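What follows is a single structure, written as structure tokens, with notes after it.
Here is how names work: the chains are called A, B, and so on, in the same order as the sequence lines, proteins then strands, and each is numbered from 1. None of these values were measured; they are calculated from a predicted model.
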Amino acid sequence: MGDLLSGDDEDYYYSDQESLDGLDNEESCLQPLSSKANTAKVITKESLLAAQREDLRRVMELLSIKEHHARTLLIHYRWDVENLFAVLVEKGKDSLFSSAGLAVVENQRCGASSFSHSSVMSCDICIEDVPGNQMTRMDCGHCFCNTCWAGHFTVKINEGQSKRIRCMAHKCNSICDEDVVKTLVSKSQPHLAEKFDRFLLESYIEDNKMVKWCPSTPHCGSAIRVEDDELCEVECSCGFQFCFSCSSQAHSPCSCLMWELWKKKCQDESETVNWITVHTKPCPKCYKPVEKNGGCNLVTCICGQSFCWLCGGATGRDHTWSSIAGHSCGRYQEDKEKQMERAKRDLYRYMHYHNRYKAHIDSAKLEDKLSDTIREKVSISEKRQLQLKDFSWVTNGLHRLIRSRRVLSYSYPFAFYMFGEELFKDEMSSEEREIKQNLFEDQQQQLEANVEKLSKFLEEPFDQFADEKVMEIRIQIINLSVAVDTLCKKMYECIENDLLGSLQLGIHNIAPYRSKGIERASDFYSSRNSEEPVGELCQPSDCGTSGWTSGFDQALGSANSEETSCSSRKRPRKDGSYSNTQTSLLDLNLPAEVTERK
Amino acid sequence: MIDFSRVQKELQDCEKDKDASNIRVCPKSDNLTRLTGTIPGPIGTPYEGGTFQIDITIPEGYPFEPPKMQFSTKVWHPNISSQSGAICLDVLKDQWSPALTLKTALVSIQALLSAPEPKDPQDAVVAEQYIKSYQVFVSTARYWTETFAKNSSIEEKVKRLVEMGFGDAQVRSAIESSGGDENMALEKLCSG
């Protein structure tokens with residue numbers, strides 16, 4: 001699986017595009033001209049500090065404050081620098097500071113050093129007289145002895161309140177200076193100081209809506225940071241692909257809510273459904289599932305109705321061992337449309353969608369194995385004396401297949417909820433629903449047909465074919481890849497614009513379609529030359545637009561200059577779904593890790 | 001480690017102005033981890049005239065952790081459990097600050113007696129009564145005060161009445177004949 005993501009494949013990918021020119025234009029012509037690098041970043045334990053520094057630096061530069069003050073502000077504003085700046089512009093510095101529990105910085109700096117050894121002061125906490133050099137004054141002006149401060153910090157850190165340790169004075173909302181906390185705590189309890197440090201660092205992940213822990217189990221230890229848009233799917237460096245907004249496995253074109261419901265439904269029902277379908281038959285009268293508990297094929301439901309176990313048809317009570325009176329199901333009959341009870345209909349409806357969902361998931365698993373076979377075939381073919389030397393079209397085709405298989409499988413739970421009554425009963429009239437369902441199902445069928453064709457061609461033993469035949473397969477695969485990609489894109493557009501877009505409830509959004517598969521988060525350092533802190537990289541960037549924007553863009557330095565967008569603008573709903581795809585991204589994605597639910 | 005020297009100092013401090021504040025803190029045992037606080041019921045409330053005892057436990061982290069306090073005298077109050085005496089008060093929880101003392105905490109409790117907060121109740125039954133039928137609440141609270149918060153010892157009652165200028169023997173007989181009710185005894189003494 002991991003092999004698919006290797007650099008070799010990426011090389012194939014590129015050379016393929018160059019060599020094919022007109023033939024395979026699927027990747028090149030659909031890309032916007034943006035030079036944006038991929039925006040999601042993997043933050044590891046090691047790069048967490050540097051990632052945090054970037055934001056700290058922006059705030060420090062703009063407000064000319066110290067790092068720990070910037071951190072206090074950012075923790076309060078949940079690491080949303082734009083929001084912090086907005087509050088600054090709207091309400092001013094004083095309000096910004098006081099709401100975050102930051103003493104106004106101007107009237108401080110009469111710190112611990114100003115007390116001499118000789119002066120003796122009284123600490124209001126332990127009510128002892130203490131030499132001045134053992135007292136510490138916080139930024140808020142309250143002054144207590146070091147032992148008491150340390151005792152206070154210890155209790156608070158152990159309570160898990162590292163991020164907001166308040167001053168000891170009653171009703172003082174000031175947040176204590178983290179450097180003072182560290183210094184005083186580390187004297188007696190170094191491990192606690194470490195814990196404190198870690199809490200502060202991890203705040204960048206826990207309190208930040210643009211950063212999330214990778215949800216892989218066992219946890220890989222990394223977090224992912226996205227820019228601009230939380231509504232996206234990413235792949236962590238550990239290979240796990242997930243939906244950034246709900247932290248479960250990647251599930252588009254299903255919305256997060258739909259996927260949540262579907263997962264739960266599958267867990268709740270799959271076992272039951274399996275058991276029921278294997279062991280029971282619905283009673284023809286009350287439609288309750290009936291379990292057979294004896295050898296006789298005449299079964300009586302608790303409602304009193306007798307029926308034939310073999311065909312499920314209702315019977316009278318007169319029967320013998322050899323025949324069931326007044327009833328002969330041995331003869332083949334055209335299945336008549338039966339009036340089914342609602343519960344049964346719902347169950348069948350669910351089973352219909354689930355079967356198809358599961359079938360595609362299963363196919364994806366098998367096609368995963370196909371990649372090994374294909375690699376073998378490619379290496380055999382390359383050694384043969386053929387006209388064609390480049391076999392990247394096979395790998396490309398395979399990746400296209402795997403990606404679209406994923407889309408296809410998740411399109412079934414989507415359809416289950418979109419056209420079911422559970423979520424949107426009052427949103428559409430039944431005529432409207434029918435039209436939309438037909439529209440969607442047409443697209444789904446087309447996609448399905450093309451995916452299956454592509455799968456079939458990829459399984460051909462092209463390594464044994466003659467030149468001409470190989471060329472033919474090549475063209476088929478390339479054409480089908482383009483078709484499948486276009487169909488996927490259209491399906492997403494249809495879902496975004498015509499189906500979800502027309503709803504009154506705006507809670508259903510899906511991650512945009514990405515022709516190249518789910519974005520693979522790059523290492524936080526990948527765009528840098530060194531691991532130097534951002535502070536060293538203060539070159540003006542060209543992306544600043546207004547006065548203070550350029551101020552903090554500078555702070556970002558060259559490290560981020562290719563990430564042109566500093567705004568937190570939301571993706572417009574009807575945006576072309578291609579706007580988020582990126583040329584420089586060459587990741588080759590696999591279907592989401594699919595856990596089989598039983 | 002409990003900072004016993006601070007507790008000791010607090011006790012001394014309390015002792016100093018016990019007449020002004022009427023708030024007392026006495027150790028229950030020698031090691032100062034268990035204390036008893038005493039507050040008078042605030043004037044103008046159904047608790048007026050009562051003397052309320054509060055069990056205090058000093059936690060390991062004191063004064064960085066709040067002291068544990070709970071009424072040992074039964075009280076009818078929306079923020080105090082009528083069963084256990086548990087107190088719902090912010091300064092005893094997240095609003096505790098090491099700069100506060102046992103005395104200030106007791107003052108806060110006294111303030112809570114004057115200003116109940118039925119919207120954040122400890123005892124839902126009391127709170128409901130407080131909101132729905134305030135008069136019934138007042139008389140219940142007063143009855144509880146009479147019944148549970150005024151069982152001060154005969155000696156104390158004698159002492160108080162003697163301080164008013166009555167003779168010791170006279171006072172004792174008056175209290176005895178009025179069944180221990182101090183007010184009734186006072187009436188008797190005054191009338192006769």
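Using a 4.5 Å cut-off between heavy atoms, B:P98 contacts chain A through both its backbone and its side chain. Neither the backbone nor the side chain of A:C123 comes within contact range of chain B; no heavy atom of the residue lies under 4.5 Å from a heavy atom of that chain.
When all heavy atoms of B:E10 and A:I127 are compared, the closest pair comes out as CG-CD1, 4.5 Å. Between B:S97 and A:A169 the shortest heavy-atom distance is OG-C, 3.5 Å.
We find the CD-NZ distance between B:Q95 and A:K171 to be 8.0 Å, quoted to the nearest 0.5 Å. In this structure, CD in B:E65 is found 10.5 Å from OG1 in A:T154, a value given to the nearest 0.5 Å.
Within 6.0 Å of atom NZ in B:K93, more than 12 heavy atoms from other residues, nucleotides or ligands are found, so the atom counts as buried in its surroundings. B:E128 CD: 12 or fewer foreign heavy atoms inside a 6.0 Å radius. More than 12 heavy atoms of other residues, nucleotides or ligands sit less than 6.0 Å from atom NZ of B:K28. Within 6.0 Å of atom NZ in A:K182, more than 12 heavy atoms from other residues, nucleotides or ligands are found, so the atom counts as buried in its surroundings.
With hydrogens and angles disregarded, a donor-acceptor distance shorter than 3.5 Å links the side chain of B:R6 to the backbone of A:I125.
At least one side-chain heavy atom of B:F64 sits under 4.5 Å from a side-chain heavy atom of A:M168.
Of the listed residues (A:H142, A:E159, A:E128), the one with the most heavy-atom contacts under 4.5 Å to chain B is A:E128. Among the candidates A:C167, A:C148, A:C172, the residue making the largest number of heavy-atom pairs closer than 4.5 Å to chain B is A:C148.
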Using distance only, find each side-chain donor-acceptor pair of residues 80-87 of chain B under 3.5 Å and give its atom names and separation, not counting sequence neighbours.
| from | atom 1 | to | atom 2 | distance (Å) |
| --- | --- | --- | --- | --- |
| B:S81 | OG | B:Q83 | N | 3.2 |
| B:S81 | OG | B:S84 | N | 3.0 |
| B:S81 | OG | B:S84 | OG | 3.2 |
| B:S82 | OG | B:D123 | OD2 | 2.6 |
| B:S84 | OG | B:A86 | N | 3.2 |

